[in-house]
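To start, the structure itself, in structure tokens.
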Amino acid sequence: MHYDRNGLRIGLDHPNGDFSFLSHAHSDHTSGIKKQKNIIASRETLALADIPTEPYSHPAARMIDAGHILGSRQLVIESDGEKTVYTGDISLKPNVFGMSAKIEQCDRLIMEATYGDPAYHFPPLNEVRMQLERFVKANDSSNIVIGAYSLGKTQEVIKILNEAGVAPIVTEEAEFFCSVYESFGIPLERIVVGSEEAEEAMSKRFVAIVPMGKAKRYFASRLATAFNRKTLCAAATGWALNFSFDTDAAFPMSDHADFDDLVRYVEESGAKQVEFFCGDGSRVLKAVSAKSGAIINS
Ligand SMILES: [Zn+2]
């Protein structure tokens with residue numbers, strides 16, 4: 001996607017443009033961006049994306065918090081009297097680390113709509129957090145594998161487990177991201193798979209965080225055989241609200257805005273023109289019009 005107005009062309013999570021903005025380090029946004037020399041991004045995002053460059057800056061563009069994962073930002077572009085906001089992925093409610101998106105007033109909004117469906121209304125984080133803690137404590141003689149994306153969700157699950165007195169086993173991929181979180185002042189107690197410490201930990205009951213694709217009953221039953229201990233599996237994802245997973249438990253934890261938050265962002269931004277990506281936002285605009293009577297072009 002691009003911002004292309006008034007002689008200014010900016011790649012939005014895209015490598016082509018006079019310069020690019022990288023909203024955060026999830027791989028669907030970083031792919032290809034390394035081709036670009038001039039990247040506006042937070043230092044955290046560049047470290048997580050493993051891009052060894054100094055952040056670029058431009059007088060027409062500034063970043064504000066996005067609350068999605070460590071380092072995630074939105075871009076505010078002011079050019080020729082018009083203000084545009086590109087949200088990248090956002091979460092308005094504070095996550096486990098207290099990160100949350102700021103709502104910026106603007107003329108034109110380019111917004112994610114991952115959960116642009118009124119069926120997605122996420123329960124309060126504390127509720128989900130307690131469900132997860134209870135599950136881990138109630139099954140303290142079983143191994144537990146929890147499926148979570150290795151960047152963002154995994155670090156939030158580690159933090160919740162740490163507060164319940166558990167240091168989970170993580171993959172090497174997740175370990176790289178954890179070490180970057182730590183270098184930016186977020187301590188996370190975890191054990192890396194394959195290490196001596198992990199061998200030791202796995203001789204007793206353990207909790208492991210695995211890629212989403214591994215959080216399935218067949219994988220848990222293979223572990224149960226290998227370790228001769230009952231093994232349960234769970235998933236931590238916003239999709240758990242409406243899809244059933246082949247797991248013993250699912251926790252609807254999301255680092256995206258839910259439907260009501262998308263509606264709130266459009267309303268409070270005052271934007272007269274809204275475009276969506278990563279999903280269909282037509283129902284968001286309908287909800288805004290029904291509430292306020294505002295006419296918004298998309
Ligand atoms: Zn993302």
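Counting starts at 1 for both ligands and their atoms, following the listed order.
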In Asp89, which N, O or S atom comes closest to the Zn ion (ligand 1)?
OD2

Could you tell me which N, O or S atom of His26 is nearest to the Zn ion (ligand 1)?
ND1

With side chain to side chain contact (heavy atoms under 4.5 Å, CB included) as the test, pick out the partner of Arg62 among Gln74, Glu78, Arg73.
Glu78

Is Lys159 salt-bridged to Glu189, cutoff N-O under 4.0 Å?
no

With a cut-off of 2.8 Å, does [X] put an N/O/S atom close enough to the Zn ion (ligand 1)?
| X | answer |
| --- | --- |
| Asp28 | no |
| His68 | yes |
| His24 | yes |

Non-hydrogen atoms of Lys153 and Asp255 that approach each other most closely
CE-OD2, 3.8 Å

Quick one: closest heavy-atom pair of Ser100 and Leu92, and the distance?
CB-O, 3.4 Å

Could you check Glu197, Gln155, Glu182 and say which one makes a side chain to side chain donor-acceptor pair (under 3.5 Å) with Arg190?
Glu182

